[in-house]
Amino acid sequence: MKNIWILTWFTLKEAMARKVFIFFFIISLLAILITGLVFALSSNINVIAGGFKNMPFNNPVTMIEMMIVSPLSSLCLLLAIFASASFVPVMLEKGNIDLLLSKPVSRDQLLWGKFFGGILVVLLNIAFLVLGVWLIISIKFSNWNFSFLNIILSVTFTFAVLYSLMILFGVLTKSSTAGMMVAYFVFIILSPLLFAAKDKFYGMIESGFVKALIDIFYYIIPKTSELLGNITTDIISGKSIENYQPILTSFAFLLLTMGISISIFRKKDF
Amino acid sequence: MSLNVIETSDLTKIYSSSFGKRKVEALTNLDLNVSGGMIFGLLGPNGAGKTTLIKLLLGITFPTSGSAKILNKNIGNYNVKDKVGYLPENHKYPPYLSGGDVLQLFGKLSGMDGTELEKKIDEMLQLVQLSKWKKTKVKNYSKGMMQRLGLAQAMINDPDLIFLDEPTDGVDPIGRKEIRDILIELKNKGKTIFLNSHLLSEVEMITDRVGILNKGKLLREGTVKELTEKKEEYKIAIEGDTVYTLPADFVLKINLKKMDKDYYSFKVDNTLELNNALDVLRNNGIIIKEMTQQKNTLEEMFISLIKEAEKENVQ
Ligand SMILES: Nc1ncnc2c1ncn2[C@@H]1O[C@H](COP(=O)(O)OP(=O)(O)OP(=O)(O)O)[C@@H](O)[C@H]1O
Ligand SMILES: [Mg+2]
């Protein structure tokens with residue numbers, strides 16, 4: 001356990017030294033500033049929000065928040081994938097991995113250390129961005145919707161699932177490009193496509209074979225678009241989550257992928 | 001319990017690359033024992049398998065067959081490594097860390113912490129003369145400084161067994177001497193040092209025993225003295241071209257060879273044989289003007305041994 005924590009801590013240091021935090025910080029600051037500017041300039045929204053102020057459920061603010069959430073969470077995730085892509089490949093570089101393996105550290109611990117390190121880096125960065133945006137909205141409308149902060153968890157969890165995939169490709173190829181491409185592919189194309197196929201077109205499809213095919217892929221591939229879509233919407237608006245299936249299957253995917261990565265890493269020659 | 005710090009038995013490593021099409025036998029049925037408290041030097045040409053052996057012992061690569069122990073524990077057990085230090089060839093530290101950070105990371109991973117670790121870091125930096133550079137990022141270190149840092153890193157956890165893969169690579173002559181002194185001091189403290197090197201003269205200076213590895217096979221193993229002096233070689237100068245009078249089987253036995261005008265070399269195993277050989281020479285009317293003992297340097301021994309092995313391979 002202690003070893004995992006040391007490795008996690010040094011991953012954080014690595015991110016800091018590679019200026020991941022500054023990069024994130026600048027982009028986050030931009031996003032926060034733009035949000036602030038939009039609200040400062042548009043009296044319209046202010047009026048609407050003011051008009052609804054005494055309603056129960058504080059709907060308008062939640063609505064405004066949700067308008068921001070979707071692009072914001074996607075942006076966070078794109079940045080997070082980019083920032084964390086090299087963590088495992090750098091660890092596996094010749095000369096570096098030799099040293100790590102010569103210490104009383106198990107290979108499992110090395111991989112878990114990088115896993116939690118990457119997640120911690122992303123968690124901190126996303127927390128900064130989301131807190132910033134939330135503060136502006138909350139102050140502007142004097143309406144403090146704490147559920148909004150749950151987006152930190154949902155983006156981090158979605159990232160963790162994709163990160164496990166990046167780790168697998170990192171262990172397999174020792175390069176950061178492959179993992180990054182696969183993560184982007186799943187997030188931008190595969191997951192939205194499968195969700196649409198399952199949610200919208202499923203009824204129209206006649207062939208049982210095609211249906212089965214969609215089902216198989218749908219359940220295997222992590223459901224990032226739902227995690228950042230419906231489920232995030234649910235938790236931000238303070239509702240209970242309607243369907244836990246995407247969370248559970250994605251989490252199973254995470255565990256399975258990490259399991260495969262570890263079992264490959266355990267046998268790998270360096 | 002055995003006194004051996006390193007024990008390998010039938011250790012074999014076959015690397016298979018490009019989906020098993022190309023196979024490289026990096027180490028073949030190696031049986032090697034290294035006992036504690038000495039400096040052991042492993043010599044061999046490029047690609048002999050020296051680095052592979054260290055990597056196997058440290059669990060960085062896995063053996064194809066055979067087994068090995070370090071510090072009396074099977075190499076599969078990663079806990080044994082808290083008493084082991086390693087300086088890899090071409091070691092690479094995360095460039096964004098400072099020298100102090102590097103020692104902290106690897107010290108912590110070896111189970112050290114707190115003020116004990118801080119003290120040890122300063123002590124080690126002092127030892128390798130990098131104290132001034134503690135806060136400098138390693139990407140700004142020179143090659144020799146990296147090597148010194150590597151050595152400090154290998155010693156940070158006060159290991160009983162230290163593997164050094166070409167430790168003086170890129171270090172200037174004064175630095176080399178300092179490194180040698182450090183190694184000797186470690187040995188005097190009872191540590192075992194396993195050294196891979198190409199610098200035979202250097203190995204000769206500090207090692208107690210050496211092993212010679214070629215193409216994955218251990219050709220020889222013994223003390224430097226044993227390896228360099230086993231066959232004693234002498235050079236003589238004689239008057240006139242009279243060696244043809246000698247019996248052929250005698251010439252063959254002592255391997256008498258012409259070196260230069262009047263100069264011949266021959267080999268004997270010990271002083272008694274030397275005297276016997278001189279008797280035969282004298283009895284055959286050979287007039288000896290001059291005689292000197294020719295000792296093999298480790299380098300000469302190494303080169304002739306490798307050449308011999310090449311010949312055998314061809315045949
Ligand atoms: N990861 C690997 N995959 C495939 N082959 C390898 C690998 N590592 C080493 N080899 C091969 O194993 C053989 C032994 O290599 P090794 O690095 O042990 O040699 P060495 O004695 O340390 O050489 P040098 O003096 O050049 O450092 C070489 O033929 C090398 O090509
Ligand atoms: Mg080598």
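Every chain is numbered from 1, with letters handed out A, B, ... down the list of sequences.
- In terms of non-hydrogen atom pairs under 4.5 Å with chain A, the most contact-rich of Lys137(B), Gln153(B), Gln104(B) is Gln153(B).
- Interface residue Lys2(A): only side-chain heavy atoms are found under 4.5 Å from chain B.
- The contact list for residues 44-61 of chain B toward chain A, using heavy atoms and a distance under 4.5 Å, reads Lys55(B), Leu58(B), Gly59(B), Ile60(B), Thr61(B) by residue number.
- A distance of 12.5 Å separates CZ of Arg107(A) from OH of Tyr78(B), quoted to the nearest 0.5 Å.
- When Ser106(A), Ala17(A), Pro104(A) are compared by the number of non-hydrogen pairs under 4.5 Å with chain B, Pro104(A) comes out ahead.
- In terms of heavy atoms, Arg18(A) sits closest to Tyr96(B) at CG-CD2, 4.4 Å.
- Side chains of Glu93(A) and Lys92(B) form a contact here, defined as non-hydrogen atoms less than 4.5 Å apart.
- Glu89(B) CD to Asp98(A) CG: the interatomic distance, rounded to the nearest 0.5 Å, is 8.5 Å.
- For Trp133(B), the CH2 atom is loosely surrounded, since the number of other residues' heavy atoms within 6.0 Å does not exceed 12.
- The environment of CE in Met181(A) is sparse: at most 12 heavy-atom neighbours from other residues, nucleotides or ligands sit within 6.0 Å.
- Within a 6.0 Å radius of OH in Tyr184(A), more than 12 heavy atoms belonging to other residues, nucleotides or ligands are found.
- Tyr93(B) places a side-chain heavy atom less than 4.5 Å from the side chain of Leu99(A).
- For chain B, the nearby parts of Leu100(A) are the backbone and the side chain; heavy atoms of each come within less than 4.5 Å.
- No more than 12 heavy atoms of other residues, nucleotides or ligands sit less than 6.0 Å from atom NZ of Lys217(B).
- Between Leu97(B) and Phe10(A), some side-chain heavy-atom pair lies under the 4.5 Å cut-off.
- Side chain of Lys267(A) to main chain of Phe62(B): no donor-acceptor pair is present (N/O by atom type, distance under 3.5 Å, no hydrogens or angles).
- In the displayed structure, Tyr15(B) atom OH is contacted under 6.0 Å by more than 12 heavy atoms of other residues, nucleotides or ligands.
- The nearest pair of heavy atoms linking Gly95(A) to Pro88(B) is O-CG, 4.4 Å.
- Note that CZ of Phe106(B) is 7.0 Å distant from OG of Ser102(A), once rounded to the nearest 0.5 Å.
- Within residues 109-124 of chain B, the residues approaching chain A closer than 4.5 Å by heavy atoms are, in numerical order, Leu109(B), Ser110(B), Gly111(B), Met112(B), Asp113(B).
- Per-residue counts of heavy-atom pairs under 4.5 Å with chain A were compared for Asn157(B), Leu105(B), Asp82(B); the largest is that of Leu105(B).
- No side-chain heavy atom of Pro94(B) sits less than 4.5 Å from a side-chain heavy atom of Val90(A).
- Of the atoms belonging to Lys13(B), it is side-chain heavy atoms, and not backbone ones, that fall under 4.5 Å from chain A.
- Only the side chain of Gln109(A) has a heavy atom closer than 4.5 Å to any heavy atom of chain B.
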